[in-house]
Amino acid sequence: MSKGTKVPGYMQGKGSRNPRGIIGDREIRYKCSLQNTILDVLRGRPGWQEVPGQQSTGQQQANTGKSGSGSTTQGTTSGYKGSVRNPQGPGTQSAVPTRLQGFQSIPPITRNSDGDWDFYWCDREWLAQNYDTMFLYEHQKILHFRNHYELTRKNLMVKNLKRLKKQTERELGKAEGQSFEFFPTTYELPSEYHIFVEEFKKNPGIIWIMKPAARAQGRGIFLFRRLKDITDWKKGEYQPLSDPNREVPETYVVQRYIENPYLIGGRKFDVRVYVLVVSYNPLKVWLYRSGFARFSNTRFSLDSIEDTYVHLTNVAIQKNAPDYDPDKGCKWSTQQLRKYLSAKHGVEAVKKAFKGIDNIIIKSLQSVQKIIINDKHCFEMYGYDVLFDSDLKPWLIEINASPSLTASGKEDYDLKFGLLNDLLNVLDLENRLTGKEKRVGGWDLLWEDGPILADDGNMECAPNGTTASIPNSFLGCHNERKRQLRELYTAAQSIKKS
Amino acid sequence: MGDSNYSKAYIQALIDELKTSKIYTDLQCAAQVDLAKPTLRLSELKKGVLNGLVNSGWDRKLRNAIYRFLQTNPKLQAPTPPPEHLKEPLVYLRKAQQSWEKRILKSLNSMCTELNIPLARKRPEKDQKEWAQKWTELGIDGPDLSQIRPVYAPKDFLEVIIGLQNPNYHGSDTPGFYHLWGIVQVPLKVKDIDELRLQYSDMSINQCQSGIDDAQDIPSELFEQERVKLGKKVISANHGPLAQEFSKKGCPTSMRATLWCQILAIEVDEIDILYYEQLKTNVLQHELLVDSLLYKDVKLTATNDDQYFVFEDFLYQVLLPFSRDTHVLKHFDYNSASPPKSYIRGRLGMEEFAVNYPPNGVIPFHGFAMYVAPMCFLFKETITLYYVFREMYIRYFFRLHSISSHPQGIVGLSLLFESLLQTHEPDLFFHLKSVGCHPLKVAFKWLVRAFSGYLSSDQVLLLWDRILAYNSMEILAGRFGGFNNITSHSIDPVKSLLQMKAPCFVHGAQRTKRPGAGSSQREAFCQ
């Protein structure tokens, strides 16, 4: 993918023709707290410019802004809010002292330069620290919702899912509740320890998996079959609670282990699915066509439950495996996986399985729809981890709010580069689209306050109406994003002209 | 088929073959069952039994068996030629093949002496048990391979082919006058574009093809639904020629496994399972140097491939038994190559102590495992995979690494490739030549591997569909040059492969590809 400067006409924002709100004709300013693919994408976008002097991580504001050499210090309170927002370019960007002790009228805001960017790819920590005190303009877009953890912390995710499941059963009957059977029995520890023990005794001999609720990349995960294993662990973990220096015990979830995963070549794998939420109210969800399946490095067998490598497919864990070959990455594209599965099980079975993934996505998002603080400035790209069992039923393993964007190889880089570029196309800060698109590049609109159905696209004929009932979901299908974008922008332009 | 143009001897051979196969006894049993039926009238004995056999599906099975024989056994000419003519009628090519074999053997032997490993040895009891245990995960810790190197690579083989000269064919003294323009200097007759166009008429641009016109985002009413419906009918008929005809437009992904089995007349039964188990036992009991070669090859190729690394273990389970399978020896009747001989220790040169080495007579080269790898996408059962691969090998793939004048042999294919490219893409041909990157030198390894590993797996499978359907490998060479103008667009990626290999080559407007054709190009970067 070229990051060249020459851009075909259809790719360029037609600022004069389509006024872009507050941004108008000027370039789009962005900030980015990561140093990987996303930064490449942002830098490669025509008409986008990095806000100078940005911080590299989500630290306190103390060290920002100083790089702008001619930056003027804010002298008075009156100029404080107004001039900062003055979008006249980097020159006015401010370096505000962190603590303005002298002015009681202003709360100790750690950050005030809200107006100097239009798009911010921030990290979660930064958002958590600054969200409540920041003011955003209509056009500004920022990654993450305030309380994204409702879905990404394993214990909260399960709690929310259980709640929606109960509610559905109450309102629509048991049968409807069946559609929630996509996460294994899960309990939160230590709070639900007693219910767990009861359940454990009911099903002797099965394997359970223990995961820390908040840690990522597979850290701290282990499997066990006997209660003794967990009591030993408990002792080590929770012992001297009276010790004031010790923090509250870390929350864990314990989950029934899926013992019959689908194996390819004797190896276990999970599927990474990218989902974009641009609004929670109404819920508007996009699903990316491409993704990948990560394979465990070794052959799966239930005999060796102490061997973490076999059981976990996280790339981060696999990296520590002794014979890990970084060049290989142990990945298949979702397209490859879909082809493989349809060769073995037929197209229909695979359609059903992938429909199950759609269901997982929608149900999980609905479960937090009322809880997430909706904000039209926010968007979120989730990385869903889904596991197939031997009956091709998909199970939700976890949801990540900051899926890894660091590429493990050329193919992976191309995937992520296209993914992120199309994400920006969906957000459409350039205002090039009509807003009614069902597909933008590799993203397909899966849900907008209700299921979206695939129409016949550009084909005029849908003779027997069967196509109309197909959901607009194409996970693992061809992703000819460039071609689609070309057509899309040409069409949108002509619509806007007329 | 009684009054056909098959000679009596040929039909006799067919009958003999059938009599020794399992289908003969099966048919007898089935006939007896029919005989015992009370509804059968004595006066119409023959008719009744025949009807019974047709109704119970045995007639189809018999037809499939005969069809298989016809496909694998070349028609005998009268008068019967000597056996070496069946292998290769041209003396100078026969000799070239023999000296090539000698070279391979020499290199194999020198590796043996250098590393001080025997060609074969019995495994100690303990090792045998260990191997039996880890049979399904052979990839975890294989033998030490650091010293092993592939016996030869397609590059070495190409040099041999370039060096081939017909002693009876003298150009004039002015160099380049009679000489062929390409680097293959063997004057063989190859088809021209019109003949190919006729032969592959089902692939012309106006015909819908599976793998292209059934992509997910094309409404299924347009093509896919009808295609799948027809496919189901074909499969239920269980008739080889029918499946073959159907596959000319490509197999739908989910039907490919069944269709291939039908075309190749493979139905794995208990005897086959037993036979495979026997081969497996042979692997467990004896260790061959060839094992290490196969191991090394898998590690070098498939394990390193993004698409195939998952199947590493399957490959060992297919390739190791394959090297022990003496059934493969049969194909040397019509293969210009001959199985290498090895002698029992101390009895060098004594015919009665000669054994074929390896038992199947095939010495693997760099990339051999890639003949199996794409098929791992099709079959879950290792055993089915094994038999399909074996059949594909003794029908087609062996030709890709032996010197012969057969139109589908590698020499013929190389020549066909060069002549097509020369005639129909002269710009490309000339450009590549002038930048010092001769097209065949680029493409040769693709041909030898039947594109496996160079195109994405689904493209390879679509291509192999055509090999099976047309019972010919000319499609491999035909994928280039002008040929793709008239055939389906699925062919296109190969040309892009070639173009990408050629630096700073600008070739007109790239033909617009329809969905399905594009995805494979990234493979080019791996090389």
Side-chain angles (χ1 to χ4, degrees), chain A residues 263-267 269 289 293 295 297-301 323 325 327-333 335-351 409-412 414 439 444 454-459 461-464 466-467 470 474-480 482-484, chain B residues 134 136-141 211-212 214-222 224-225 228 232 251-258 299 302-315 317 374-381 456-458 461 512-519 522-523 525-526:
Chain A
L263 302 182
I264 295 180
R267 293 176 216 229
F269 65 94
R289 295 181 169 217
F295 286 87
N297 237 14
T298 36
R299 317 312 184 259
F300 179 83
S301 116
D323 55 347
D325 176 1
D327 296 334
K328 264 187 297 167
C330 289
K331 281 180 186 176
W332 264 9
S333 68
Q335 277 80 2
Q336 185 85 359
L337 178 72
R338 190 167 180 147
K339 267 177 233 151
Y340 175 88
L341 292 176
S342 31
K344 303 253 153 135
H345 302 278
V347 178
E348 285 311 312
V350 174
K351 263 188 195 156
K410 166 143 182 38
E411 206 170 318
D412 201 37
D414 286 348
R439 176 180 174 190
D444 294 292
D455 53 17
D456 39 349
N458 304 329
M459 314 266 182
C461 49
N464 41 18
T466 45
T467 30
I470 298 173
F474 297 95
L475 183 62
C477 298
H478 274 297
N479 183 2
E480 294 208 307
K482 285 190 186 161
R483 196 180 66 116
Q484 200 272 341
Chain B
K134 62 173 192 181
T136 53
E137 37 194 69
L138 291 175
I140 290 182
D141 45 3
I212 293 155
D214 54 3
Q216 225 78 37
D217 35 8
I218 298 176
S220 57
E221 293 86 17
L222 292 180
E224 192 189 358
Q225 280 179 0
V228 170
K232 278 181 186 154
C251 304
T253 321
S254 50
M255 299 179 176
R256 181 171 287 126
T258 323
K299 294 270 184 211
T303 313
N304 258 330
D305 190 300
D306 275 348
Q307 305 174 65
Y308 303 123
F309 69 90
V310 192
F311 303 121
E312 189 184 348
D313 296 333
F314 283 171
L315 294 177
Q317 290 172 46
M375 293 186 220
C376 295
F377 275 95
L378 301 184
F379 305 100
K380 238 202 238 143
E381 314 287 319
S456 72
S457 56
D458 54 323
L461 291 172
T512 35
K513 279 188 218 116
R514 291 168 65 181
S519 57
R522 62 191 154 77
E523 291 304 315
F525 296 109
C526 317

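Below, read A as the first sequence line, B as the second, and so on, with proteins coming before strands; counting in each chain starts at 1.
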Any side-chain heavy atom of Arg267(A) sitting closer than 4.5 Å to one from Glu137(B)? no
Once you round to the nearest 0.5 Å, how far does OG of Ser456(B) lie from NZ of Lys339(A)? 5.0 Å
Evaluate whether atom NZ of Lys232(B) has more than 12 neighbouring non-hydrogen atoms of other residues, nucleotides or ligands under 6.0 angstrom away. no
When the ring planes of Trp332(A) and Phe309(B) are compared, do they come out parallel, tilted or perpendicular, using 30° and 60° as the limits? perpendicular
Closest non-hydrogen contact found for Ile264(A) with Val310(B) is O-CG1, 3.0 Å
Checking Cys251(B) against chain A: side chain, backbone, both or neither under 4.5 Å from a heavy atom? neither
For Gly346(A) and Ser254(B), work out which heavy atoms get closest and say how close. CA-CB, 3.4 Å
4.5 Å side-chain heavy-atom contact, Gln336(A) and Phe377(B): yes
